[in-house]
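Side chains included, hydrogens not; waters and symmetry mates left out as well; all remaining heavy atoms used. Position 1 is the first residue of the sequence; numbering continues from there. What you see is a predicted model; the values in this text were computed from it and never measured.
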Amino acid sequence: MTVAYLGPAGSFTHQAASTWALRVLGADEGELVPDDNVSQVFDRVATRSAAYGVVAIESTVEGYVVPSLDAIVSSPDVVAVDEAVVDISFDAFVRADHGTLTEIVAHPHGLAQCQRFAAQRGLPTVQAASNAAACRDIAGHQVALGPAICGELYELRTLSERVEDFAGARTRFLVLVHRDDAPGHLAACEHISTWRTMVAITPTATGPGVLARITAAFGARGVNMSSLITRPIKAVEGKYVFVVTVDGAPWEPAPQVALRDLLAAGDSLKTLGVVPRRGELDDAVHQGVKTTDVPVGSVRADFDPIEVSRGLLWASE
């Protein structure tokens with residue numbers, strides 16, 4: 001039961017893969033194998049040299065992880081059957097024998113989540129394949145950002161703890177299998193009563209109202225849509241794939257009818273994943289947004305009418 005993940009050891013994906021394997025496969029069932037990039041993880045699963053793969057798909061701070069999203073959209077043989085969620089926090093590390101510090105190195109998402117720390121230090125940033133790789137390969141002039149465990153793994157000195165801009169960040173990871181193995185895995189989860197489905201929808205006829213038609217197909221059947229993102233069709237200008245995440249499984253009546261409606265309209269559909277909704281891991285999807293969380297400068301109906309008018313006028317200019 002080999003589980004491939006974006007390495008090296010100590011990455012957040014390593015943590016997600018380890019947690020999932022322990023929960024689902026048992027303590028001694030999963031062999032964790034690190035890969036250098038997301039493409040290698042998908043290749044292992046597609047060729048069945050790994051039974052499972054684990055990749056990051058969405059951060060509560062940075063949104064979707066584009067390489068993972070594009071890989072699952074384009075892969076003919078890999079789908080998601082489960083997920084894991086990891087709390088994200090970054091420590092800043094240096095080598096014990098470090099010299100003058102002139103750079104900060106981390107994965108692009110790590111750098112984006114620790115911008116305040118970099119600004120306070122006044123240091124330029126350098127991208128790494130993963131946060132753990134940044135810690136493993138750290139040079140004497142660099143500060144590496146990564147999970148706390150990397151300090152012990154790579155014998156580094158902790159310069160600062162919890163340097164992320166936003167406390168409480170989480171990242172969701174998909175558990176991948178070969179498409180032919182998905183039915184067996186899902187059948188083993190028959191005790192799960194609630195599901196979430198990720199599907200790629202490619203309209204063959206485009207024009208005004210195409211997105212409204214797609215969203216209405218789910219709304220009309222009472223299917224909650226929790227996420228929608230567009231990705232370009234490679235090398236085709238102005239054409240897009242809509243990646244939609246909805247509550248429910250394709251075999252349940254309401255989602256099934258909604259998907260059939262889209263097929264009848266001429267759209268092409270591809271199931272990217274069907275994953276269990278596991279209680280507390282999914283609660284945030286169904287909670288309302290606090291007014292304190294909306295973008296600064298937003299116009300709301302409970303504002304002073306004059307300020308609303310000014311805001312809308314400004315926004316339309």
Side-chain angles (χ1 to χ4, degrees), residues 5-20 23 38 41 54-69 72 80 82-93 104-121 123 125-135 143-153 156 158-175 196 198 226-229 243 245 273 275 277-296 298:
Y5 70 92
L6 176 63
S11 66
F12 290 116
T13 314
H14 182 199
Q15 182 180 341
S18 177
T19 301
W20 178 84
R23 172 167 54 84
V38 166
V41 176
V54 177
V55 297
I57 190 64
E58 187 179 16
S59 161
T60 57
V61 176
E62 290 301 303
Y64 276 94
V65 180
V66 172
S68 298
L69 184 63
I72 198 169
D82 209 343
E83 64 182 11
V85 175
V86 172
D87 294 329
I88 303 298
S89 181
F90 292 88
D91 285 357
F93 301 103
I104 296 177
V105 59
H107 183 273
H109 274 223
L111 295 173
Q113 294 181 58
C114 302
Q115 294 182 58
R116 187 180 300 114
F117 174 80
Q120 289 172 345
R121 292 275 170 172
L123 299 178
T125 58
V126 177
Q127 296 184 358
S130 73
N131 299 302
C135 295
V143 179
L145 308 179
I149 192 175
C150 286
E152 179 181 352
L153 279 175
L156 302 177
T158 302
L159 182 66
S160 298
E161 295 180 340
R162 297 187 176 276
V163 299
E164 63 273 8
D165 294 343
F166 299 95
R170 308 171 92 192
T171 294
R172 186 163 59 92
F173 298 81
L174 294 181
V175 178
R196 185 162 56 232
M198 189 175 182
S226 59
S227 176
L228 184 151
I229 189 169
V243 180
T245 302
V275 302
R277 279 175 44 200
R278 299 185 182 276
E280 71 279 1
L281 300 185
D282 192 62
D283 287 345
V285 173
H286 299 279
Q287 294 175 353
V289 177
K290 298 178 182 178
T291 56
T292 54
D293 294 333
V294 301
V296 176
S298 296

Minimal non-hydrogen separation, [X] against [Y], with atom names:
X	Y	value
P147	S11	CG-C, 4.3 Å
P8	S130	CD-OG, 3.3 Å
V65	A56	CB-O, 3.6 Å
A9	A132	O-CB, 3.6 Å
Q113	S59	NE2-OG, 3.8 Å
R121	I104	CB-CD1, 4.4 Å

Please enumerate all residues that pass side chain to side chain contact (heavy atoms under 4.5 Å, CB included) together with [X], with sequence neighbours excluded.
X	result
D165	Q115, R116
A106	L111, N131, L145
A129	none
A16	V54, A84, V86, F173

Practice item. List in chain and number order the residues that pass ring-ring contact (aromatic ring centres under 6.0 Å, His included) with F12, two or more places apart in sequence or in another chain; answer none if no residue qualifies. Key: F90
Point to revise | H14 NE2 to I149 CD1 distance, which is reported to the nearest 0.5 Å | key: 7.0 Å
Check your understanding: Out of curiosity, T158 OG1 to L156 CG, how far, rounded to the nearest 0.5 Å?
Key -> 8.0 Å
Exercise for review: Check side chain to side chain donor-acceptor pair (under 3.5 Å) between R162 and all other residues, then give those that pass, not counting sequence neighbours.
Suggested key: S89
Review point. Of all residues at least two apart in sequence or in a different chain, which pass the side chain to side chain donor-acceptor pair (under 3.5 Å) check with E62?
Key: none
Review point. For I57 and L69, what are the C-alpha separation, side-chain angles and deciding distance, and is it a side-chain contact (heavy atoms from CB on, under 4.5 Å)?
Key: CA-CA 6 Å; I57 190 64; L69 184 63; 4.2 Å; yes
Review point. Got a sec, which residues hit salt bridge (Lys or Arg N to Asp or Glu O under 4.0 Å) with E58, two or more places apart in sequence or on another chain?
Key: R172
Point to revise | Test log, rule side-chain contact (heavy atoms from CB on, under 4.5 Å), inputs F93 and L159 | key: CA-CA 5 Å; F93 301 103; L159 182 66; over 6 Å; no
Exercise for review: Give the C-alpha distance, both sets of side-chain angles, the deciding distance and a yes or no for side-chain contact (heavy atoms from CB on, under 4.5 Å) between V143 and F117.
Suggested key: CA-CA 11 Å; V143 179; F117 174 80; 4.1 Å; yes
Exercise for review: Assess whether atom CG of L153 is packed by more than 12 heavy atoms of other residues, nucleotides or ligands within 6.0 Å.
Suggested key: yes
